[in-house]
Number of protein chains: 2
Amino acid sequence: MRDPETFFRALSDPTRLRCLLLLMAEGRLCVCEFVHALDLSQPRVSRHLGHLRDLGIVLDERRGQWVHYRLHPALPQWAHDVLEAAFQAEGLRDIRQRLASMPDRPSAACD
Amino acid sequence: MRDPETFFRALSDPTRLRCLLLLMAEGRLCVCEFVHALDLSQPRVSRHLGHLRDLGIVLDERRGQWVHYRLHPALPQWAHDVLEAAFQAEGLRDIRQRLASMPDRPSAACD
DNA sequence: TCCTTATATACGGATATCCATATATGCGTG
DNA sequence: CACGCATATATGGATATCCGTATATAAGGA
C-alpha cells in the first residue's frame, strides 16, 4: 500500500469497504462468501476484490476451485488503524449474520 | 459526518487530505494560508474546503475579510482516529515549513 | 472429453469527479 | 460610492469510476 489517499479512495466504495471490514471480522473468505454475505452480483464482487488485490490491500490464494482472500500481511500499521476506526463506525451486524446463515461455506470446510 | 465511505471519499483527494492534515496540525487556518502552504490556486482550495464544509467535516467562520476553517467540533471519534492514522503515514514536513515561512499570516494576527 | 461450479475479465454506457478560467460576492477603507 | 483584497461559485471539457451483461478461464468430477 503506497499512499494514504490511494488507500482512502479504495475505501470510498461501499462494496470494497464492506469486503474489507468483513475480512477484518472473518479473517479469510472466498468470493462466493462475499457474494452471499453482501447480496451482490459475482462480477461486481470479483472486480472490486481484484482492484483491492492490484493495490496490495488484499492477498488472494487459490484453493482448488475457490479463491480465498485475506488482508495483505504487509499492510502498514496506519492502514490497520484506519480499518479499525471504520469498523467501529460501521454496523456490519446484518451482513455477518447473512454470512453465518450461508449453507456449505467453503471456508469452513477446508483449511 | 454521516457514513465512513463518504468520509473516505472526502479523504481520497490529495488537496482535501492535505487541508485536513494541516488543520489537525495547526488548529485553524484561513483560505490564503492553505493556498500558500499547498501552493495551489485559490479557487481550487476554496472549492475543496467548501466540499468539506458541505459534508460537515470542517466548520467555517468569517472574520472580517478572511474565512477561517477548523475541524468540525462534532466530528465523531472514529473520524478523528482515521485522521490521526493518516497523519502518521503522511510526511507533511515541507508543507508545514512553507506555511511557517508565509509572511503576515492572518491567523497569527487576530484572535 | 464433456459438464458443472467458481472466478475473472471485456465491453459500452451512465454518472461523477476534477480542473482551469472567468466571474461573482463580501468586507474594509478611503 | 469606488476600489482592493479575500473568498466563493459558475461553466465547460477531460478523465475516472461504476455498473450490468456477456463471455472467458480454471478446476473437479463423471
Side-chain angles (χ1 to χ4, degrees), chain A residues 5-20 22-23 28-55 57-70 99 102-110, chain B residues 3 5-19 22-23 28-55 57-70 99 102-110:
Chain A
E5 68 215 37
T6 303
F7 188 61
F8 289 135
R9 184 172 297 275
L11 301 196
S12 73
D13 177 87
T15 299
R16 289 193 296 267
L17 180 57
R18 286 174 189 161
C19 284
L20 288 173
L22 260 181
L23 279 185
R28 182 163 60 82
L29 292 170
C30 68
V31 179
C32 60
E33 288 174 310
F34 288 109
V35 168
H36 186 99
L38 303 176
D39 192 28
L40 296 173
S41 77
Q42 178 270 321
R44 182 166 166 178
V45 168
S46 194
R47 182 157 20 89
H48 284 290
L49 286 172
H51 189 180
L52 292 171
R53 178 190 355 102
D54 295 343
L55 292 173
I57 298 176
V58 301
L59 205 60
D60 62 341
E61 183 183 357
R62 181 171 277 276
R63 297 231 181 165
Q65 53 188 155
W66 294 280
V67 176
H68 290 248
Y69 284 88
R70 57 191 162 104
L99 175 61
M102 176 179 178
D104 304 323
R105 289 181 54 189
S107 286
C110 64
Chain B
D3 51 304
E5 69 216 37
T6 303
F7 188 60
F8 289 135
R9 185 172 297 275
L11 302 196
S12 73
D13 177 87
T15 300
R16 289 193 295 267
L17 180 57
R18 286 173 188 162
C19 283
L22 260 180
L23 280 185
R28 183 163 60 81
L29 292 170
C30 69
V31 178
C32 60
E33 289 174 309
F34 288 108
V35 169
H36 185 99
L38 302 176
D39 193 27
L40 297 173
S41 76
Q42 177 269 321
R44 182 164 164 180
V45 169
S46 195
R47 180 161 24 87
H48 284 291
L49 286 173
H51 189 180
L52 292 172
R53 178 191 355 103
D54 295 345
L55 292 173
I57 298 175
V58 301
L59 204 61
D60 62 341
E61 183 184 357
R62 183 171 276 275
R63 294 229 182 168
Q65 53 188 156
W66 294 281
V67 176
H68 291 247
Y69 283 87
R70 57 191 161 106
L99 175 61
M102 176 180 178
D104 304 324
R105 288 180 56 189
S107 286
C110 65

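Values in this document were obtained by computation on a predicted structure and should not be read as measured data. Below, read A as the first sequence line, B as the second, and so on, with proteins coming before strands; counting in each chain starts at 1.
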Whole angstroms only, please: what is the [atom1]-[atom2] distance between [X] and [N]?
X     : N      : atom1 : atom2 : result
B:D13 : C:dA16 : CG    : C1'   : 13 Å
B:E61 : C:dG26 : CD    : P     : 18 Å
A:L17 : D:dC18 : CG    : P     : 12 Å
B:L38 : C:dC18 : CG    : C1'   : 16 Å
B:L40 : C:dT21 : CG    : C1'   : 16 Å
B:H36 : D:dC5  : NE2   : P     : 18 Å
A:H51 : D:dA16 : NE2   : C1'   : 11 Å
B:E5  : C:dA16 : CD    : P     : 15 Å

List the residues meeting side chain to side chain contact (heavy atoms under 4.5 Å, CB included) with B:Q65, not counting sequence neighbours, and say none if there are none.
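Residues passing side chain to side chain contact (heavy atoms under 4.5 Å, CB included) with B:Q65: none at all.
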
Residues B:H68 and B:R28: side-chain donor-acceptor under 3.5 angstrom:
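Result is yes, a qualifying pair exists.
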
So, is B:R9 close to the D:dT17 phosphate, meaning a side-chain N or O under 4.0 Å from OP1 or OP2?
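Answer is no, no contact under 4.0 Å.
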
So, is A:H48 close to the D:dC19 phosphate, meaning a side-chain N or O under 4.0 Å from OP1 or OP2?
yes

Contacts of B:R47 meeting salt bridge (charged side-chain N to carboxylate O under 4.0 Å, His left out) (sequence neighbours excluded), chain-then-number -> none

Those residues that, when tested against B:R53, pass salt bridge (charged side-chain N to carboxylate O under 4.0 Å, His left out) (two or more places apart):
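With sequence neighbours excluded, B:R53 shows a salt bridge (charged side-chain N to carboxylate O under 4.0 Å, His left out) to B:D60, given in chain and number order.
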
Annotated protein contacts, base or backbone, on nucleotides 4-15 of chain C with a non-hydrogen cut-off under 4.0 Å, one of B, S, - each
-BSBBB------

Mind checking what makes ring pair (Phe, Tyr, Trp, His ring centres under 6.0 Å) contact with B:F7, not counting sequence neighbours?
B:W78

Applying ring pair (Phe, Tyr, Trp, His ring centres under 6.0 Å), name anything that partners B:F34, two or more places apart in sequence or on another chain.
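None.
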
